[in-house]
Amino acid sequence: MGDVTDGDYTKDGNGDTVDALKWREKSSKQNTAEDTKVKRSSGSDAKPSDPYRYRMDYPCMGTCLVINNKNFDRSTGKKNRRGLDGSNEHTRSDQHTHSQYDHSQNASFVCVLLSHGDEGVVYGTDGFEKFEDLIRCLKGDNCKSLVGKPKLFFIQACRGSALDDGCSIETDSVVDQTSERIPVEADFLYAYSTAPGYYSWRNTSNGSWFIQSLCKNLDKFSGQLELMQIMTRVNHHVALDFESASTLPGFDYKKQIPCIVSLLTKDFYFHNKQ
């Protein structure tokens with residue numbers, strides 16, 4: 001049991017796995033790509049007159065696509081990822097397929113991507129793809145039925161090879177206007193497990209630090225807090241409550257901070273639990 005990174009430096013080990021789907025609400029069924037349709041509830045739906053809150057009163061909350069890459073082709077130079085349980089899915093084809101769906105009855109789109117990575121790229125099972133290329137098909141000029149709706153990405157992957165040594169501090173005890181023009185880049189949120197240039201840590205028994213914290217805080221605060229408030233708590237949890245325990249020279253006692261990039265134009269609330 002120990003901590004490893006989602007980069008080139010990995011360590012074999014056995015242990016429990018983390019369920020990256022834990023935070024989701026009651027789902028109808030799973031298919032091979034682990035898509036789910038989340039049923040509508042009456043909890044935190046935005047009022048039609050509130051121009052600063054995303055509408056959640058659609059027939060379906062939306063699609064959640066989970067891509068959990070575990071085994072990698074030798075040509076990638078990447079070792080298999082331990083501390084997770086999931087099948088391999090090819091990222092490009094999944095994203096492209098979902099861009100062609102009719103999302104008109106959905107309130108949102110969510111993608112959870114767990115894999116190896118580097119700055120600006122994410123690895124599929126047989127090679128890497130630029131993250132920008134993966135999301136382009138879901139932008140406003142390519143996927144009309146998601147225009148004006150929140151598109152949330154949670155990425156568990158390295159973004160470089162730097163390590164964070166940490167440091168010590170002293171602390172003190174309107175109805176949606178369908179005719180309006182909006183930027184094609186609008187209404188996206190990218191929640192990265194780590195800051196640009198850094199490794200992302202994963203425990204071989206409990207799973208990645210970021211996904212553990214994300215599941216815990218979404219489960220605790222969904223329906224109570226706005227998404228960015230929840231993500232700030234995720235940052236707090238990962239930054240303060242985790243520290244690497246590794247037998248690799250130079251990889252012990254390291255820290256990590258997630259990085260949240262928001263292009264959202266309104267507040268986003270998950271439904272209250274039923």
**Asked** With clusters built from Ile, Leu, Val, Met, Phe, Trp and Tyr whose side-chain heavy atoms come within less than 4.5 Å, directly or transitively, what are the remaining members of the cluster of Val147, listed by chain and number?
**Response**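 Ile182, all in the cluster of Val147.
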**salt bridge (Lys or Arg N to Asp or Glu O under 4.0 Å) partners of residues 246-265, not counting sequence neighbours, each pair once** =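 Residue pairs passing salt bridge (Lys or Arg N to Asp or Glu O under 4.0 Å), neighbours aside: Asp165-Lys254.
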**Request:** Determine, step by step, whether Thr265 and Asp187 satisfy the side-chain hydrogen bond (donor to acceptor under 3.5 Å, both in side chains) criterion, reporting the C-alpha distance in whole Å, the side-chain angles of both residues, the deciding distance to 0.1 Å, and the verdict.
**Result:** CA-CA 6 Å; Thr265 58; Asp187 302 302; 2.6 Å; yes
Test your reading of the model: is there a side-chain donor-acceptor pair from [X] to the backbone of [Y], 3.5 Å cut-off?
X      : Y      : result
Glu129 : Tyr123 : no
Lys139 : Ile135 : no
Lys149 : Asn106 : yes
Thr232 : Met228 : yes
Glu243 : Ala239 : no

Are [X] and [Y] in one and the same hydrophobic cluster, where Ile, Leu, Val, Met, Phe, Trp and Tyr link if side-chain heavy atoms are under 4.5 Å apart?
X      : Y      : answer
Tyr253 : Tyr198 : no
Tyr101 : Val184 : no
Phe109 : Val261 : yes
Ile67  : Leu146 : yes

Approximate separation, where rounding is to 0.5 Å, of [X] [atom1] and [Y] [atom2]:
X      : Y      : atom1 : atom2 : answer
Ile211 : Asn206 : CD1   : CG    : 13.5 Å
Asn71  : Lys79  : CG    : NZ    : 14.5 Å
Lys266 : Asp50  : NZ    : CG    : 8.5 Å
Gln100 : Asn142 : CD    : CG    : 10.5 Å
His103 : Lys151 : NE2   : NZ    : 9.5 Å
Asp102 : Gln105 : CG    : CD    : 7.0 Å

**Request:** For the pair Glu119 and Cys158, evaluate side chain to side chain contact (heavy atoms under 4.5 Å, CB included) and give the outcome as yes or no after the intermediate values.
**Result:** CA-CA 7 Å; Glu119 183 57 37; Cys158 287; over 6 Å; no
Does a side-chain heavy-atom distance below 4.5 Å link [X] with [Y]?
X      : Y      : result
Lys70  : Leu114 : no
Ser200 : Arg159 : no
Leu214 : Phe154 : yes
Thr125 : Asp73  : no

For a quick test of reading the model, state the closest non-hydrogen atom pair linking [X] to [Y] and the distance between them.
X      : Y      : value
Cys64  : Val112 : SG-CG2, 4.4 Å
Asn235 : Pro258 : OD1-CB, 3.2 Å
Cys259 : Pro196 : SG-CD, 4.2 Å

Can you name the side chain to side chain donor-acceptor pair (under 3.5 Å) partners of [X], sequence neighbours left out?
X      : answer
Trp209 : Asp3
Ser244 : none
Thr194 : none
Asp141 : none

**With Tyr190 via ring-ring contact (aromatic ring centres under 6.0 Å, His included) - residues at least two apart** =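 For Tyr190, the residues satisfying ring-ring contact (aromatic ring centres under 6.0 Å, His included) (neighbours in sequence not counted) are Phe131, Phe153, Phe188.
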Test of understanding: with side-chain contact (heavy atoms from CB on, under 4.5 Å), list the residues that count as partners of [X], not counting sequence neighbours.
X      : result
Asn217 : Ser213, Phe221, Ile230, Arg233, Val234, His237
Lys144 : none
Ala157 : Ile155
Phe268 : Tyr54, Met56, Met61, Ser108, Pro150, Leu152, Glu226, Leu227, Phe270

**Asked** Can you name the salt bridge (charged side-chain N to carboxylate O under 4.0 Å, His left out) partners of Asp241, sequence neighbours left out?
**Response**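 None.
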**Request:** Establish, yes or no, whether the cationic atom of Arg74 lies under 6.0 Å from the six-membered ring centre of Phe72 and within 45° of the ring axis.
**Result:**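 No, Arg74 does not lie over the aromatic ring of Phe72.
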**Asked** Going through the distances and angles, do Phe242 and Phe210 end up as a side chain to side chain contact (heavy atoms under 4.5 Å, CB included)?
**Response** CA-CA 10 Å; Phe242 289 90; Phe210 176 65; over 6 Å; no
**Item:** Salt bridge flag under 4.0 Å for residues Lys216 and Asp219
**Value:**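 The answer is no: the pair does not qualify as a salt bridge.
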**Request:** Would you tell me whether Gln156 and Ser115 have side-chain atoms, one donor and one acceptor, within less than 3.5 Å of each other?
**Result:**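 Checked: Gln156/Ser115 side chains show no N/O donor-acceptor pair below 3.5 Å.
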**Request:** Carefully, step by step, assess Val110 and Leu65 under the rule side chain to side chain contact (heavy atoms under 4.5 Å, CB included).
**Result:** CA-CA 6 Å; Val110 177; Leu65 170 65; over 6 Å; no
**Prompt:** Between Val238 and Ile257, is a side chain to side chain contact (heavy atoms under 4.5 Å, CB included) present by the stated rule, with each step listed?
**Reply:** CA-CA 6 Å; Val238 174; Ile257 179 68; 6.0 Å; no
